[in-house]
Visitor: 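Dumping the structure here so I can ask a few things about it.
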Amino acid sequence: QVQLVESGGGLVQPGGSLRVSCAASGSIFSWYAMAWYRQAPGKQRELVASITSGGITNYAGSVKGRFTISRDYPKNTVYLQMNSLNPEDTAVYYCNTVPPINRNWGQGTQVTVSS
């Protein structure tokens with residue numbers, strides 16, 4: 001049984017920073033590329049950043065240079081460090097594999113960027 005639990009979201013001012021975490025259960029973490037996705041109100045869910053089992057990263061153009069994805073294998077956890085946040089980053093952030101496995105979507109964590 002695979003479980004993905006996101007945490008660390010909250011309210012942050014524009015220009016601020018936040019780190020969200022995704023704790024994974026089972027062996028999926030070791031064998032799949034992992035990614036952060038987000039869904040803003042009225043928009044489709046989009047891929048934000050991904051990291052392969054070998055540590056190769058990719059980012060959406062809108063976050064490149066501001067966000068950093070990383071993974072901690074002993075803790076089975078993937079992180080997303082978000083810097084220079086702006087209101088357009090406001091969304092529910094989810095983690096999943098690449099490509100996503102539908103049954104594994106968690107509740108996500110809300111990130112709100114507002115003054």
Side-chain angles (χ1 to χ4, degrees):
Q1 183 69 34
V2 175
Q3 186 174 19
L4 301 171
V5 181
E6 301 92 345
S7 63
L11 176 64
V12 63
Q13 295 183 352
S17 298
L18 201 64
R19 188 178 75 165
V20 291
S21 302
C22 172
S25 64
S27 62
I28 189 172
F29 185 85
S30 298
W31 290 102
Y32 285 80
M34 298 295 296
W36 284 96
Y37 303 80
R38 69 184 181 186
Q39 187 168 25
K43 295 184 178 180
Q44 294 279 89
R45 185 161 17 213
E46 65 174 340
L47 179 67
V48 177
S50 64
I51 184 167
T52 70
S53 60
I56 304 300
T57 59
N58 286 100
Y59 299 91
S62 59
V63 307
K64 188 175 182 180
R66 299 188 297 120
F67 291 10
T68 303
I69 188 172
S70 62
R71 62 198 303 170
D72 186 326
Y73 283 101
K75 295 183 178 180
N76 287 350
T77 301
V78 60
Y79 304 95
L80 184 67
Q81 177 67 47
M82 301 180 286
N83 299 326
S84 301
L85 286 162
N86 59 66
E88 294 181 347
D89 296 315
T90 296
V92 178
Y93 284 72
Y94 303 86
C95 64
N96 210 327
T97 54
V98 181
I101 299 174
N102 287 332
R103 65 188 298 174
N104 291 338
W105 289 112
Q107 297 182 41
T109 185
Q110 176 72 51
V111 173
T112 302
V113 185
S114 176
S115 60

Visitor: Y94 and V63: same hydrophobic cluster, using ILVMFWY side-chain contacts below 4.5 Å?
Guide: no

Visitor: Can you list the steps and then say if R38 with E46 is a side chain to side chain contact (heavy atoms under 4.5 Å, CB included)?
Guide: CA-CA 6 Å; R38 69 184 181 186; E46 65 174 340; 2.8 Å; yes

Visitor: Quick check: do N86 and R66 have side-chain heavy atoms less than 4.5 Å from each other?
Guide: yes

Visitor: Determine the sole option in D89, V20, L11 for which the side-chain contact (heavy atoms from CB on, under 4.5 Å) test with V111 is passed.
Guide: V20

Visitor: Is the backbone of A23 close enough, under 3.5 Å, to the side chain of N76 for a donor and an acceptor to pair up by distance?
Guide: no

Visitor: CZ of R19 to OG of S70: how many Å apart, nearest 0.5 Å?
Guide: 7.0 Å

Visitor: Between atom CG of L47 and atom CH2 of W36, what is the distance when rounded to the nearest 0.5 Å?
Guide: 12.5 Å

Visitor: Would you find more than 12 non-hydrogen atoms of other residues, nucleotides or ligands less than 6.0 Å from Q39 atom CD?
Guide: yes

Visitor: Working to the nearest 0.5 angstrom, can you tell me the gap between T68 OG1 and L80 CG?
Guide: 8.0 Å

Visitor: Is any side-chain heavy atom of S17 closer than 4.5 Å to a side-chain heavy atom of N83?
Guide: yes

Visitor: Could you walk me through whether Y59 and I69 pass side chain to side chain contact (heavy atoms under 4.5 Å, CB included), step by step?
Guide: CA-CA 9 Å; Y59 299 91; I69 188 172; 3.6 Å; yes

Visitor: May I ask you to test the Y73-S53 pair for a side-chain heavy-atom distance under 4.5 Å?
Guide: yes

Visitor: As a quick check of understanding, evaluate side chain to side chain contact (heavy atoms under 4.5 Å, CB included) for L85 and Q13, giving each step before the final call.
Guide: CA-CA 8 Å; L85 286 162; Q13 295 183 352; over 6 Å; no

Visitor: Tell me whether the count of non-hydrogen atoms from other residues, nucleotides or ligands lying under 6.0 Å of OH in Y32 goes above 12.
Guide: no

Visitor: Search all heavy atoms of T77 against all heavy atoms of K75 and return the closest pair with its distance.
Guide: OG1-O, 2.9 Å

Visitor: Using a 3.5 Å distance criterion without hydrogens, assess whether the side chain of E6 forms a donor-acceptor pair with backbone atoms of C95.
Guide: yes

Visitor: What's the separation between atom CE in M34 and atom OG1 in T52, rounded to the nearest 0.5 Å?
Guide: 12.0 Å

Visitor: Nearest heavy-atom pair of T109 and G9: which atoms, and what distance?
Guide: OG1-N, 2.9 Å

Visitor: Aromatic rings Y93 and F67: how do their planes relate, parallel, tilted or perpendicular, breaks at 30° and 60°?
Guide: tilted

Visitor: Using a 6.0 Å distance limit plus a 45 degree cone around the ring axis, check whether R45 lies over the aromatic ring of Y37.
Guide: no

Visitor: When rounded to the nearest 0.5 angstrom, what distance separates OG1 in T57 from CZ in R71?
Guide: 11.5 Å

Visitor: To the closest 0.5 Å, what do you measure between OG (S7) and CD (Q107)?
Guide: 11.5 Å

